[in-house]
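Report on the following structure.
Numbering starts at 1 and runs along the sequence shown. Just so it is clear, the structure is predicted and the values come from calculations on it, not from any experiment.
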Amino acid sequence: MSGDRLVVKLGGSVITDKDRPETLDGPALDAASDAIAGAIADDTVGDLVIVHGGGSFGHHHASEHGLSTATGTHDVGAVMDVHGAMTTLNRFVLDRLHERGVDAVPIHPLSLAARPEGVDGELALPIGSTGTLLSEGFVPVLHGDGIATAGEGVSVISGDELVVELAAALDADRVGVCSTVPGVLDDGEVVSLIEEFEEVADVLGASDATDVSGGMAAKVRELLALDAPAFVFGPNELSGFLRGEDPGTRIE
Ligand code: IPE
């Protein structure tokens, strides 16, 4: 039993079929929901915040409209396509959690967050609703989404960025990133511990200066900046992570 405060991301490619637009991976989402509900029922989790990615819901529409974390739009149709697909996916996630007795409540970043200084500026993410829901015993569920962005209209905020921001602002004890791979891989083997970006810069195939494409290198860099230890692991390890194990790659 632990009273840890956890922030967990369910990768979009874990819970959706990335190759087909707006297609859920039902069995994978069921398995993730079982793991979450089981850990809560067994009282191994203190507070839990869930963030999910976009997979074939968000990314499909974002790329169709040329939207990214760096490029926004003033076309309200494009905004609604991305946000609408993400709220649809969010609804699926909530339904599966509710079916299992998890008190999951949606928080939509488009209605909450902003980049008031543009794409390269600070993220403004008020956490009053998330923090209060947590202390009232709910499980807030956020997701990658559109985000109001000065000079760009609405751009994209990734689930990864939300995880990092929430973990820092809510003083999380542990952070989990459930991805399709079992951890950060070096020649097919899971790297068990990363303490400095330079240790893995080569295997991630990224220079330590910039990583515009996102992906694992950006993830590792951001997770290293957190006070809390973070773990990158595959879907089969979600239950273990929620029960206090240290699966996959530990980043701290
Ligand atoms: C993407 O979120 C959100 C949108 C495209 C709107 P993420 O970038 O976190 O999604 P995944 O986990 O990679 O699918």
Side-chain angles (χ1 to χ4, degrees), residues 9-26 28-29 50-94 106-126 141-166 177-181 201 204-223 225 232:
K9 181 186 175 199
L10 302 177
S13 42
V14 173
I15 59 171
T16 75
D17 178 346
K18 267 221 146 164
D19 299 329
R20 278 182 287 172
E22 294 201 29
T23 308
L24 202 62
D25 184 335
L29 180 54
I50 298 172
V51 178
H52 64 79
S56 63
F57 286 74
H59 287 292
H60 167 73
H61 292 285
S63 63
E64 201 148 77
H65 292 293
L67 292 186
S68 68
T69 53
T71 307
T73 182
H74 290 88
D75 171 2
V76 73
V79 173
M80 290 312 295
D81 278 354
V82 172
H83 179 66
M86 289 309 302
T87 53
T88 299
L89 176 58
N90 185 246
R91 189 72 231 186
F92 284 128
V93 174
L94 292 167
I107 297 181
H108 304 303
L110 177 61
S111 310
L112 189 69
R115 299 192 202 281
E117 290 140 26
V119 286
D120 295 324
E122 294 276 297
L123 169 65
L125 179 70
V141 184
L142 296 90
H143 52 85
D145 203 349
I147 178 170
T149 304
E152 289 286 333
V154 171
S155 67
V156 169
I157 181 161
S158 73
D160 291 346
E161 192 175 352
L162 289 166
V163 163
V164 169
E165 190 71 21
L166 289 165
V177 177
C178 180
S179 130
T180 44
V181 286
L204 293 173
S207 87
D208 64 351
T210 53
D211 181 49
V212 287
S213 62
M216 194 61 91
K219 236 193 267 285
V220 168
R221 194 193 304 275
E222 290 181 352
L223 294 173
V232 176

Stepwise, does the side-chain contact (heavy atoms from CB on, under 4.5 Å) test hold for L110 with I147? CA-CA 5 Å; L110 177 61; I147 178 170; 5.7 Å; no
Flag side-chain contact, heavy atom, 4.5 Å: [X] against [Y]:
X    : Y    : result
H60  : R20  : no
L112 : P126 : yes
E122 : E117 : yes

Can you tell which of [options] makes a side chain to side chain contact (heavy atoms under 4.5 Å, CB included) with [X]?
X    : options          : value
E165 : L142, L123, I157 : L123
K219 : L204, V163, V177 : V177
V14  : L29, D25, T180   : T180

Could you please spell out the steps behind the side chain to side chain donor-acceptor pair (under 3.5 Å) verdict for E22 and H61? CA-CA 9 Å; E22 294 201 29; H61 292 285; 2.5 Å; yes
Between T16 (side chain only) and S13 (backbone N and O only), is there a donor and an acceptor less than 3.5 Å apart? no
Under 3.5 Å: donor-acceptor pair, side chain of T23, backbone of P21: yes
Quick one: [atom1] on [X] to [atom2] on [Y], what's the gap to the nearest 0.5 Å?
X    : Y    : atom1 : atom2 : value
T149 : D120 : OG1   : CG    : 10.5 Å
S56  : I15  : OG    : CD1   : 9.0 Å
T71  : H65  : OG1   : NE2   : 14.0 Å
M86  : H108 : CE    : NE2   : 10.5 Å
S68  : E152 : OG    : CD    : 8.0 Å
F57  : L24  : CZ    : CG    : 5.5 Å

For the residue pair [X] and [Y], what are the closest heavy atoms and their distance?
X    : Y    : result
A113 : L125 : CB-CD1, 3.7 Å
P116 : A150 : O-CB, 3.2 Å
V156 : A62  : CG2-CB, 4.3 Å
P106 : L94  : CB-CD1, 3.6 Å
L162 : H143 : CD1-O, 3.2 Å

Any ion pair linking E161 and K9 (charged N to carboxylate O, less than 4.0 Å)? no
Can you name the side-chain contact (heavy atoms from CB on, under 4.5 Å) partners of T73, sequence neighbours left out?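 With sequence neighbours excluded, T73 shows a side-chain contact (heavy atoms from CB on, under 4.5 Å) to L67, D75, A78, V79, given in chain and number order.
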Kindly indicate, with the supporting measurements, whether the criterion side chain to side chain donor-acceptor pair (under 3.5 Å) is fulfilled by D145 and H83. CA-CA 6 Å; D145 203 349; H83 179 66; 2.8 Å; yes
